[in-house]
Structures are given as C-alpha cells and as structure tokens.
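The chains referred to below are lettered A, B, ... by the order of the sequence lines, with proteins before strands, and numbering in each begins at 1.
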There are 2 protein chains.
Amino acid sequence: MPREVTLRDVATQVGVSPRTVSRVVNDEGGFSEATRQKVLKAVEQLGYQPNMLARGLITRRSGTVGLVGGGMTDPFFPALAEGIQRKAREAGRTMFFASTDSDPARQADVLKSLWSHAVDGVIVFPALDTIDQLTGYARRGLPVVIVDDQAEAPNLACVSFDLEAGAAMATRHLLDTGLQRLGMIASSLSPPRRRNRERGFLRAMRESGHRASPPEVLRMLPTVEGGEAGMHQLLDRHPEIDGIFAYNDLVAIGAMRAAKSQGRRVPDDIAVVGCDDIDMSSLVTPALTTIRLDRPLLSEEVTQALHDLIEAPGSPRRPVMIPVELVIREST
Amino acid sequence: MPREVTLRDVATQVGVSPRTVSRVVNDEGGFSEATRQKVLKAVEQLGYQPNMLARGLITRRSGTVGLVGGGMTDPFFPALAEGIQRKAREAGRTMFFASTDSDPARQADVLKSLWSHAVDGVIVFPALDTIDQLTGYARRGLPVVIVDDQAEAPNLACVSFDLEAGAAMATRHLLDTGLQRLGMIASSLSPPRRRNRERGFLRAMRESGHRASPPEVLRMLPTVEGGEAGMHQLLDRHPEIDGIFAYNDLVAIGAMRAAKSQGRRVPDDIAVVGCDDIDMSSLVTPALTTIRLDRPLLSEEVTQALHDLIEAPGSPRRPVMIPVELVIREST
DNA sequence: AACGTTGGCGTCAACGTTGACGTAACCGCT
DNA sequence: AGCGGTTACGTCAACGTTGACGCCAACGTT
C-alpha cells in the first residue's frame, strides 16, 4: 500500500525544504516564480494532497462543518442538506452529516463526536429543548448556527423562517374562502418556544373575530401517519370542522388521506393547507396548498452566518428571519 | 475562548503522565483500578474529548467515512443516507456527506477532498463512468464500496440490488395482465454497463415470445420532469402503447401525470410500474406498483463491507447482490 | 539469595503540517 | 565601502496523540 505523499516527498523531489513547498501550496508568498513552477509540477506529478488532519492540528481549522438534523424522513430536510452542503463546499469546507432522530440524547452524542473531530462549526436543527446544550458548545468556542429557534450567546447565530406570519397567512386564506370551523394538526416535537405555527394560527383566528369555541389544536408526530391519525381524531371529535392547517406537508397529506377514507372530499367538504412545499406537494391529488419556504435562501443565510462566526469569533450576529409565501393549489 | 482540554490537562490534574491517561481512555490495559477511577473522574470533570485529528494523524484512522452520491433530489438516496449514517455511527464512525450532481468531475473533487481529510473509507454511488477513478483510489489504499456497479480491485467491494431480475419481474407482471405493447423510460445517467433495468426489461420481453416491433426504450433524466417528457414522447410516437416500465418511481410518477394530462387513465388505458418504492409511491393516486428495494439491508451490507475492508485491507470481498420484490398497487 | 516475570507506569519520538524566527544573498542608497 | 531593506529561502518547535521501549517494584520460583 503506497504511503501517503507528504510535503517532504515533494520537497526532496524538488530540492527545497518542506517549508517552501508548504508556502507554495498555500500561496503564502516568499518564493520565486521558478520554484513555484517546480513545486507545482512535483505536486502534480506525485499527486500530493495536503493532510487536513495535520494542518488542522496546528491551524485549529479542520475545514469541516457539521450538519445536525432530525433525520431524512421528512423530505424537507434532505433538500436543505443538499443546498447547505453545496454552499459549504463552495467555501472550501467539507460537511459532516449526522441525524439525531429528534432525540436530545442522540444530539448530545452527535455534537460530542463532531467536537472531537474538531469541526469548525455546526448547523443545527435543534431537537426538542436543547438550546442550553447548544449555547454550551457555543460558549466553549464552537460556532453554532441554530435553525428555527432563538437564543443569545457568543459564537451563536439564528436563522428562521417566519412561520408565525406564514401560519397566519394560511389561516386567513382558509377563513377568506368562507370556512367557519378550522382545526390545526401541530407537531408533538416542538417545544413551546418553537410553536410559532400555532401562534400564527391562533393569532389569525383571534384577529378574524372568531368567537366560537376555541379552535382545536392537536399535536401529533409530524409524519404522514401522524397527519392521518390527527385527522381521524379531529373529525371524530368535531365533525363540523371544514378546514385544517397542518404542521407540514407530510401531515397535510396524511390528513387528506384520512379525510378521503372517511368519504370527505378535499377541498369541497374540508380544505387543507400544509407547510414546507416539498416536491411531493404539487404531485398529490388534489395538489396541496402550502406555505413555500425558500430553501436556497435558507442554505445561503445559514452558511453565510456560520462562515461569519468562524471568521470573526464571538462577533454578534443578529438573527435572520426569512419571509415565506403562500402557494395556493387545489386543496383549498 | 477556553482552550481545548487535552490529555495533559487530565494528566496533571490526576498526577500521572499523559500516556497513562491515554491508556485509560483507550482502555489499553496497563493501569491499576485506582488510577482508572481517578482518570475517568478527571475526564468527566474537565470534559475531556480526545482530539481525533491528533489521534488520526498517528494511528492513520480518522474515524470517518465518506458517503458520495448523486444528490438528494431523488428521495431514494436520503433514505439510504440516513440508514448508512446510522450504521456508521453504531460502528463509531462519523460520516462525511458529499453530493456529486452525477458529474464525474465533481466526483473527482469530492474524492480528493475526502482523501485529504483522511477518511477511513468511502461509499460511492458512482457518477456515470467513473469506475477507473474509483479503482484508482482503491489501489492507492482507500477502502471503497461501490453501490450498483461492478469492479474488481484491492480495497474495493460492490453491493448491488438485483435490478435486472426486478425489471424482468415487473415486465412479466405487465405482460401477465394481458398488455401487448410495452415501453420503458430509462435513465440517461446510466452508462451501458449499468443498464441492468433495461437488460431485465428486454430479456423478459424476449422470453415472453414478444415478436412485434422491438419495444421502445427511451432514456431521459430520472426525474418527474423526465418521466413526463418521456411519456409524452412515447405516446406521440406509439399511441398504441399500453404499459410502461419506468426507471424509478419519480419517472413513473411523471409518466402518470403525462398520461393523465393526455386523458389516458392509469391503469385502464395504460399501466405503469416504477422502481425504488419511495415513500411517495404509496401516496400518489393511483398508488404506484413498483419494485421495492430493501434499503435497510443495503445500508447494512454496505457498511459491513466497508468495515471489513477497513479492518482487513486488501482482502477479497465477493460482490453482494440484494434481491428485490415487486409491490403491486393500483397503477397496473 | 538470586532470578525471571509481571504490572504499572514514564520517556521519547513520531505523525504532517505551519508559526516564529533566522540568515544569506542581493539590491539600492549614501 | 557601509548600511538598511527586501527577497527567498531554511531551521526549529509545536499541535495532541500514540507506538516503542525502558524502568522499577513486587512477586513467585528455584
């Protein structure tokens, strides 16, 4: 098995010191054009690749970032992961990926492991109530970008979608079509602080002068199955419900299935609005009305924020809030 | 910013040498129970985490593996990525993720970068014709597991789904329902050697005694849009076609959309079979008949193969072929 | 009592790279 | 000629860890 090619190999081949090769490779300056040529030729010829472990050990920059999320089962996340990975690579960083299954303990493990690997920073879709965990790492010097939650700490930035506004928009849209009795299927994985979809929904209901019995909010797992179960429960308890705002598109799709299985037509008997605008949403029948989240923009903002934190540690970053948009299709 | 806690810090706190702390942390033996207790206590107290860069530099094991795939746009891949990541973590390894956009040049970049980061091995869903690239790395000493392609080299293993058999099964199923004129929408991203779905389709057609004009095989991008375009083309050229085998479920879903938009009912006027059994497939209407791929099993086999290659470099690994299964739903 | 063996630990060097610093050669200037 | 500055290198140590080896005390054996 051929040993790895090192600076020394290149150096002896060219007839200079390793330090000089290092200078050329990193383009530090302090070498003549002639040696530059020779070194680069030898680098090419021997197939030299810098060893990031050694480099990272001394520069304290490993050239890696971690992406920590709940999992890949919701198609919303992979699409984001891809965008973030692309941006990271453009910035010369390689991405670790780790999923937590939305379990705080696993998230702790994952962060420990990433810290061990000396990542330059992490992007986290936090599991349940783990803000303290994350601010802890940030205080220990790890740049952390939190998606869809708020916190203050050095080395920490937050980027969120404005889902409270989005939820309010969706709710107003439902009310505008003349519906009277709305319900919401929310997520059991969101801690109170992060229930901005619920807040938006309830706010819009209040503002619309809704004064019947308080609107029904159910919390289920944010999956198709959760949506199905939620819809069944909702229809059992309140058969008069004529509109649903779902936590995300998976839940909405599940809800539509449940409605159909009970013989209720969407949108004639009951309207459904989702959230996320995953690819599937335009393909199901009826096509789902939903809140579109600008994923490329989030990728951009998140990597930018992380980059800034890495380059200027501790500098304050104001939280970023990304506006969202309602896409009206056939389910309302 | 607090400096990282090192072996030395633990050592001085306990009053032993760093080497002893290292022995305890790695459970090498050669220490008394008393020191073990003291060391572990100090480790806990100081929050010591081994520095994988330093460790990897000397042991030549970084504790990382790379996952290289085309991208996250096909939901088939994320589901796999998650499984593989989970298995890798269970084996104590952290996963780098990198997507190639099915572009050989990008794949080359990505591999270079992973090599630089001293990954212990890589799992690759190869882009187009990149087997030589991959065997090159394998020969240089990098354990490589290739998914869905075949090659022979030291440090290289292959794991595939038996899609030729799957495609034949699907085709026979279509023929068994009495259909006469079948077409296939294949992928333009598969090099000839990897066109096993096409081979299975054509073989089943031949074996069935099909003797009309040769069945139509179109190659499109393996996306919903590709499937739509493919179906339109196929119906334009051969309006008599009554059954389609699609490269994957996305293509199949696109094909169904196109059929509907032309006023053809699925499955009454035209039947469609997909491949992969992504989550979406059971949710669209009509629910898609498709070839189910056992993703957990693939994750298992792939990580196992990589693990073996890492532990016993150069040892020969026979290629693994995973059987597949036809799931009959409503689209046929 | 002399001897080998073992357990428990320390010492030293090395992994591949870069930061800090040194130095010789050469330039232009007085 | 002497001086200061610059250019193009080289030297050395360090990052945090582990492999190789060495040492000493305690123990059992002859």
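Taking atom CG of residue B:L57 and atom C1' of nucleotide C:dA13, one finds them 13 Å apart after rounding to whole Å. A straight line from CG of B:L53 to P of C:dT18 spans 14 Å, rounded to a whole angstrom. The nearest whole Å value for the distance from the CG atom in B:N51 to the C1' atom in D:dA14 is 14 Å. Taking atom CG of A:N26 as the reference point, atom C1' of C:dT17 lies 9 Å away to the nearest angstrom. Between B:R60 atom CZ and C:dA14 atom C1' the separation is 10 Å, expressed in whole Å. For A:E4 and C:dA14, the CD to P distance is 18 Å, given to the nearest whole Å. Taking atom NZ of residue B:K38 and atom C1' of nucleotide C:dG8, one finds them 12 Å apart after rounding to whole Å. Regarding A:H117, its NE2 atom lies at a distance of 15 Å from the C1' atom of D:dG16, rounded to whole Å.
Remark: A:T94 pairs with B:F96, B:S113, B:L114, B:H117 by the side chain to side chain contact (heavy atoms under 4.5 Å, CB included) rule, at least two apart or across chains. Checked against side chain to side chain contact (heavy atoms under 4.5 Å, CB included), A:R193 has the following partners two or more places apart in sequence or in another chain: A:D129, A:I131, A:D149. Take A:K87 and apply the side chain to side chain donor-acceptor pair (under 3.5 Å) test, not counting sequence neighbours, and it matches A:E300. Taking the side chain to side chain contact (heavy atoms under 4.5 Å, CB included) definition, one finds that B:K41 meets it with B:Q45, sequence neighbours left out. Considering only residues two or more places apart in sequence or on other chains, B:T12 meets the side chain to side chain contact (heavy atoms under 4.5 Å, CB included) condition with none of them.
In the set C:dT17, D:dT18, C:dC15, C:dT17 carries the atom at the smallest distance from any side-chain atom of A:L7.
Salt bridge annotation for A:D27-A:R36: absent, with no cationic side-chain nitrogen under 4.0 angstrom from a carboxylate oxygen.
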Nucleotide-resolved protein contact map, nucleotides 4-11 of chain D, B/S/- at heavy-atom distance under 4.0 Å:
----SBBB

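Screening residues 37-63 of chain B for ring pair (Phe, Tyr, Trp, His ring centres under 6.0 Å), with sequence neighbours left out, gives no hits.
Neither OP1 nor OP2 of D:dT18 sits under 4.0 Å from any side-chain N or O of B:T59.
Taking five base pairs at each end of the helix from C:dA1-D:dT30 to C:dT30-D:dA1 and finding the rotation axis that steps the C1' atoms of four pairs onto the next four gives two axes whose angle is 50°, to the nearest 10°.
The main-chain N or O of B:P104 is never found under 3.5 Å from a side-chain atom of B:T130 such that the two would form a donor-acceptor pair.
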Please list, one pair per line, the donor and acceptor atoms closer than 3.5 Å that link side chains of residues 71-80 of chain B to other protein atoms, with sequence neighbours excluded.
from, atom 1, to, atom 2, distance (Å)
B:D74, OD1, B:F76, N, 2.9
B:D74, OD2, B:N248, ND2, 3.3

